[in-house]
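This report refers to the structure that appears directly beneath it.
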Amino acid sequence: MNKRTLAWCGLALLFGGACDDVLFTAPEPPPPVGGDGYCAVRDLFAADCYTCHAAAVRLGDLDLETDPAAALVNVTSAAYGVPLVVPGDSAGSLLVQKITNTQGDLGTDMPPASGGLSTERAGIVKAWIDAGATTDCTDVPVVERYHPEGYQDPANHGPEAKLQTERCVDCHGLDLLGGTALACVTCHGAGWDTDCSFCHGSDPTGVPPRDIDDEFDPALSSFPPHRAHTTPGIGPGFDCVECHLKPTSALSDSHVFLGDPTPGVAEVRFFYGRAPAATYDGLGCSNVYCHGDGRQNGAILKSDGPRDCGSCHAGPATLAGLSQPHLFHAAPNRPCATCHGATVDDTDTIVAGTTTHVNTVIDVDLPPEVAFTNGTCTGTCHGQPHTDTPWAP
C-alpha cells in the first residue's frame with residue numbers, strides 16, 4: 001500500500017467510509033506513440049502539451065496546436081535568445097532541453113510541469129529533429145488525451161474542479177503539484193490555492209458574487225444574502241467563521257479537494273460563531289442569535305428581504321414587547337441613543353459599521369453625567385437624580 005493509498009484510507013475512515021472505497025489507483029500513462037516523423041510529434045504535442053500551449057492558451061507565447069513546425073523550427077526563443085529547434089541537432093535545440101529538463105542554468109522558469117517527458121516520448125522528438133525536423137508524416141495512431149478538447153478553458157475545468165465532477169487529485173496529485181499530470185501552478189501561478197477570490201469571486205475576501213457553480217447573479221446564487229452578512233452596515237460585517245469552518249487553502253481538509261463529504265455543497269457550521277447551537281436547513285436558519293432578541297432564539301429564511309429593528313426585537317417603531325424597565329425609560333419619548341449612543345444615533349438609526357451591535361453584549365453608553373456600574377446608575381438622568389439606582393422601573 002503506497003502513501004497515497006494510506007492517505008485516502010485515512011480520509012475514508014475519518015468520514016465513516018471503508019478503506020476499500022477510496023483505494024488510490026494511479027492512472028495509466030499516456031499510450032505510446034507509434035511510428036515516427038512529424039505526425040508522431042504532432043500527436044505527442046496534442047497529448048502532452050496542449051494544456052499550456054494550445055492556440056487558446058499560448059503559455060510563453062508558444063502555440064503547438066496551429067502549426068507546430070512553423071512555431072518551432074529555426075525559431076529563436078524571445079525569452080532565451082536561442083533556437084527552439086535546430087534541424088539535425090536535437091542536442092542544440094531548446095525544445096529538447098525543456099522536455100528533458102536539462103536546460104541547466106538557462107532561464108529560471110520551470111520546464112513542463114510534469115518535470116519533462118519520459119525517455120521514450122522525448123526520443124520521438126529527438127528523432128524527428130535529428131532527421132531534419134521536416135513535416136513529412138507516417139501514418140501513426142493519435143495519442144489519446146484524458147480531457148476533451150478545450151478543457152483548459154477555465155469555464156470548462158473550473159466548475160468541474162469546484163464541484164468535483166472530476167477527482168482532480170487522482171491525476172494531479174494530493175498536493176496538486178503534478179502527480180501523473182499537470183501541476184495547477186503551471187497555469188494558475190503560485191498562491192492560487194490560498195486566494196479565496198480565485199474560486200469564489202472578485203471580492204478580496206472571497207465572498208460571492210461568484211457562486212461555486214460560477215453563477216454571478218446574487219439573486220440566483222445558493223445563498224443570496226451573502227453580501228448582506230459580510231458588508232459593514234448594522235454591524236462590522238461578519239467573517240466566514242460565523243457560518244463555516246474557514247479553510248486556509250483549497251487543500252484544507254473537508255473543503256473541496258480532500259475529504260469533502262458533500263462535493264458541490266458548502267457545509268454550514270456555526271460552532272465557531274455567535275450562535276454555536278444554530279441550524280441551517282438549506283432554506284433558513286433557526287436558533288440564531290443574530291436574528292433574535294438578544295438570545296439564541298432567532299429564525300429567518302434566506303429569501304427574506306432586508307431587516308429593520310422590529311424584525312428582531314421591539315422598538316423603536318413599536319414598544320410592545322420591551323421589558324418593563326425599557327418601557328419606563330422609553331415612555332417619555334426618549335430615543336434609544338440616550339442609553340445606547342454608541343449603537344444608534346438620535347434618529348434611532350444604527351450607526352454604520354458599529355462594533356456594538358449584534359456582538360453578544362448589551363452595550364450601555366450613557367450621557368457623561370451618568371455612570372452605569374454593575375447594573376446601577378449614578379448621576380442625573382431625565383431630570384432625576386440617581387444614586388446606585390438599579391436598572392428597574
Between atom NE2 of His255 and atom NZ of Lys246, what is the distance when rounded to the nearest 0.5 Å?
11.0 Å

Scanning both residues in full, the closest heavy-atom pair of Ala250 with Phe257 reads O-CD1, 3.5 Å

Hey, are the side chains of Phe270 and Cys285 touching, using non-hydrogen atoms and a 4.5 Å cut-off?
yes

Can a donor-acceptor pair be found, under 3.5 Å and without considering hydrogens, that links the side chain of Asp365 to the backbone of Ala342?
yes

Please state whether the rings of His326 and His340 are parallel, tilted or perpendicular, taking 30° and 60° as the class boundaries.
parallel

Does Gly284 offer a backbone N or O that forms a donor-acceptor pair with the side chain of Asp281 under 3.5 Å?
yes

Might you work through the side chain to side chain donor-acceptor pair (under 3.5 Å) test for Tyr151 and Glu166, ending with a clear yes or no?
CA-CA 12 Å; Tyr151 193 76; Glu166 295 278 359; 5.2 Å; no

Would you give the length of the straight line joining atom CG of Leu95 to atom CZ of Phe45, rounded to the nearest 0.5 angstrom?
5.0 Å

Less than 4.5 Å apart, any side-chain heavy atom of Cys52 and any of Thr186?
yes

Could you tell me whether Asp346 atom CG has more than 12 heavy atoms of other residues or ligands within 6.0 Å of it?
no

Ring geometry between His229 and His291 (parallel below 30°, tilted from 30 to 60°, perpendicular above 60°):
perpendicular

Check Thr376 against Pro390 and note the closest heavy-atom contact, atom names and distance.
CG2-CA, 3.9 Å

Between Thr389 (side chain) and Thr387 (backbone), is there a donor-acceptor pair under 3.5 Å?
yes

Are the side chain of Tyr80 and the backbone of Val82 linked by a donor-acceptor contact shorter than 3.5 Å?
no

Checking side-chain contact (heavy atoms from CB on, under 4.5 Å) for the pair Thr355/Asp363: CA distance, chi angles, key distance, verdict?
CA-CA 10 Å; Thr355 59; Asp363 294 277; over 6 Å; no

State, yes or no, whether a side-chain contact exists between Phe198 and His188 at a heavy-atom distance under 4.5 Å.
yes

Distance in Å, Cys339 SG paired with Leu366 CG, rounded so as to fall on 0.5 Å steps:
5.0 Å

First locate atom SG of Cys168, then atom CG of Leu182, and finally report the distance between them rounded to the nearest 0.5 Å.
12.0 Å

Test item: Thr343 and Val351 side chains (from C-beta on) under 4.5 Å apart, heavy atoms:
no

Is the side chain of Asp211 donor-acceptor paired with the backbone N or O of Asp214 at a distance under 3.5 Å, no angle test?
no

Are Val125 and Leu62 connected into the same hydrophobic cluster when the rule is that any two of I, L, V, M, F, W, Y join if their side-chain heavy atoms are below 4.5 Å apart?
yes

Using only heavy-atom distances, determine whether the side chains of Ser90 and Asp130 contain a donor-acceptor pair under 3.5 Å.
yes

Closest approach of Cys377 and His386, non-hydrogen atoms and distance?
O-CB, 3.4 Å

What are the two closest non-hydrogen atoms of Thr354 and Ile234, and how far apart are they?
CG2-O, 3.9 Å

Between Tyr280 and Cys243, is the side-chain contact (heavy atoms from CB on, under 4.5 Å) condition met? List the steps.
CA-CA 9 Å; Tyr280 176 72; Cys243 305; over 6 Å; no

Heavy-atom side-chain proximity of Ser254 to Asp260 below 4.5 angstrom
no

Keeping Asp345 on the side-chain end and Ile350 on the backbone end, is there a donor-acceptor pair under 3.5 Å?
no

Of all the heavy-atom pairs spanning Thr194 and Ser249, show the shortest one and how long it is.
CG2-CB, 4.1 Å

Which heavy atom of Tyr50 sits nearest to which heavy atom of Leu64, and what is that distance?
CE1-O, 3.4 Å

Assess the side chains of Tyr289 and Glu242: does a donor N or O sit below 3.5 Å from an acceptor N or O?
no

Do Val41 and Leu44 have side chains that approach each other closer than 4.5 Å (heavy atoms only, starting at C-beta)?
no

Could you tell me the separation between the NZ atom of Lys126 and the OG1 atom of Thr119, rounded to the nearest 0.5 Å?
7.5 Å

Using the rule that two of Ile, Leu, Val, Met, Phe, Trp, Tyr join whenever any of their side-chain heavy atoms come within less than 4.5 Å, decide whether Val86 and Leu84 are in one cluster.
no

Is there a path of hydrophobic side-chain contacts, each under 4.5 Å between heavy atoms, that joins Val75 and Trp128?
yes

Salt-bridged, Asp213 to Lys162, with N to O below 4.0 Å?
no

Any donor-acceptor N/O pair, Arg269 side chain to Glu267 backbone, under 3.5 Å
no

Between Asp136 and Thr134, do the side chains contain a donor N or O and an acceptor N or O under 3.5 Å apart?
yes

Count I, L, V, M, F, W, Y as connected when their side-chain heavy atoms are under 4.5 Å apart, and connections chain through other members. Are Leu251 and Leu177 then in the same cluster?
yes

Under 3.5 Å, is there a donor-acceptor pair between the side chain of Ser93 and the main chain of Val96?
no

Between CG of Leu283 and CD1 of Ile300, what distance do you get to the nearest 0.5 Å?
13.0 Å

Treat each ILVMFWY residue as a node, draw an edge where side-chain heavy atoms are under 4.5 Å apart, and state whether Tyr38 and Val85 are in one component.
yes

CD1 (Ile362) with more than 12 external heavy atoms under 6.0 Å:
no

Taking the side chain as everything from C-beta on, heavy atoms only, tell me whether Pro87 gets closer than 4.5 Å to Ile129.
no

Is any side-chain heavy atom of Phe238 closer than 4.5 Å to one of Arg274?
yes

Of all residues at least two apart in sequence or in a different chain, which pass the ring pair (Phe, Tyr, Trp, His ring centres under 6.0 Å) check with His357?
none

Sole residue of Ile212, Val256, Val265 in side-chain contact (heavy atoms from CB on, under 4.5 Å) with Leu163
Ile212

